[in-house]
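Right, one structure below, let's go through it.
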Amino acid sequence: MKIATFNINGIKARLPALTDWLKESEPDVALLQEIKSVDEAFPREAIEDLGYTVETHGQKSFNGVAILSKLPLEDVTRGLPGDDSDEQARWIEATVIGDTQAVRVCGLYLPNGNPAPGPKYDYKLAWMDRLEARARDLLADEMPALMAGDYNIIPQAEDAAKPDQWVKDALFLPQSRAAFRRIVNLGFTEAFRARTLGGGHYSFWDYQAGAWERNNGIRIDHFLLTPACADLMADCWIESAVRGREKPSDHVPVWVRLDA
DNA sequence: ATGGCATGTAGGACATGA
């Protein structure tokens, strides 16, 4: 199965680009972030018409995540456990029934955290603590599992074209990167880095200052695979050409193919 | 050092993003 994560930066503004992409690239499963829509306003019919089951976890104006799947889904849950007072829609998970293997798939939109320090940064770090707890539980389960989405984390200097521009940013602060490493070091495989070494690979380019034309990007959209899931990985790549299309998102899709 | 651009909400600026 082919799974993509894609921060679409608003479903209302991105529906034509999204449906064109679905038709051409044909993911079995697409994990979307920043749908910026309540569930009732999400244009599910246009996507269902392409053969997808649509599961959303939206909110008004900001955030919001979704799972689109051509394969059967079971046990869909919404919201990251650990804080019942958290009203931000940043987490959705489901079991995807593959041809040979069921996989637990989690889609996430990790908080940006700027400005740091401050309450938004505190929220980011607290959210990452909850993510670590959920990650531990996924590792303890039998079923292969992955967590994919917009992590808003630049893991290493080589993951930014101009790392010096990010040294005081919540995406690159040592404390942010350490929290990400703590989760990876529980036993996850960061799928892209398991296959591709070195710099120059990005998943986000700002709309401003000609960032795409200058290839001034950062790599912040990631797949973390449990060991059982990493055993199934056949490939991982970034579909960077999508950034050069008409009316693009500022993120591009990142993919894994699993033998499942 | 700053803003640059885009989106949603709303019907004019403003909050948010990374």
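To find a chain, count down the sequence lines: A is the first, B the second, and so on, and within it residues start at 1. Predicted, not measured: the structure shown is a model, and the values here were computed from it.
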Between the side chains of A:Asp150 and A:Gln33, does any donor sit under 3.5 Å from an acceptor? no
P atoms of B:dA18 and B:dT7, separation to the nearest Å: 13 Å
Can you tell me if A:Lys120 touches the phosphate of B:dT16, counting only side-chain N or O atoms and a distance under 4.0 Å to OP1 or OP2? yes
Using only heavy-atom distances, decide whether a donor-acceptor pair under 3.5 angstrom links the side-chain of A:Asn112 to the base of B:dA18. yes
5' precedence on DNA chain B between A:Gln88 and A:Lys36 (nearest-nucleotide basis): A:Lys36
Can you name the closest pair of heavy atoms from A:Ala260 and A:Thr100 and give their distance? CA-OG1, 3.3 Å
Within the pair A:Tyr109 and B:dA18, is there a side-chain N or O less than 4.0 Å away from OP1 or OP2? yes
Can you tell me if A:Arg14 touches the phosphate of B:dT7, counting only side-chain N or O atoms and a distance under 4.0 Å to OP1 or OP2? yes
Flag the pair A:Phe192 / A:Phe223 as yes when their ring centroid distance falls below 6.0 Å, and as no otherwise. no
Using only side-chain N and O atoms of A:Asn63, determine if any of them is under 4.0 Å from OP1 or OP2 of B:dT16. no
May I ask you to verify if any side-chain N or O of A:Asn152 is less than 4.0 angstrom from the OP1 or OP2 atom of B:dA18? yes
With salt bridge (charged side-chain N to carboxylate O under 4.0 Å, His left out) as the rule and sequence neighbours excluded, what pairs involving residues 129-149 of chain A come up? A:Asp86-A:Arg130, A:Glu93-A:Arg134, A:Glu132-A:Arg136, A:Glu132-A:Arg182
Measure from CG on A:Asn114 to P on B:dA15 and round the result to the nearest Å. 17 Å
Nearest whole angstrom, please: distance from the P of B:dG17 to the CD1 of A:Ile218. 14 Å
Below 30° counts as parallel, above 60° as perpendicular, anything between as tilted: where do the rings of A:Phe180 and A:Tyr151 land? perpendicular
Could you give the CZ-to-P distance, from A:Phe62 to B:dG8, as a whole number of Å? 11 Å
Measure the distance from CD1 on A:Ile11 to C1' on B:dA6 and round it to the nearest whole Å. 16 Å
Take atom CD of A:Gln165 and atom C1' of B:dA18, then tell me their distance rounded to the nearest Å. 11 Å
Using a heavy-atom cut-off of 4.0 Å across all strands, would you classify A:Asn7 as base, sugar-phosphate, or nothing? sugar-phosphate
Nearest-Å distance once atom P is located in both B:dG11 and B:dA6: 24 Å
For B:dA18, does either OP1 or OP2 sit under 4.0 Å from a side-chain N or O belonging to A:His251? yes
Rounding to an integer number of Å, can you tell me how far A:Lys124 NZ sits from B:dG17 P? 10 Å
Could you give the CD-to-P distance, from A:Gln208 to B:dG17, as a whole number of Å? 14 Å
Determine the interatomic distance between P on B:dA1 and the same-named atom on B:dC14; round to the nearest Å. 26 Å
Between P on B:dA18 and CD on A:Gln33, what's the gap in Å once rounded to a whole number? 10 Å
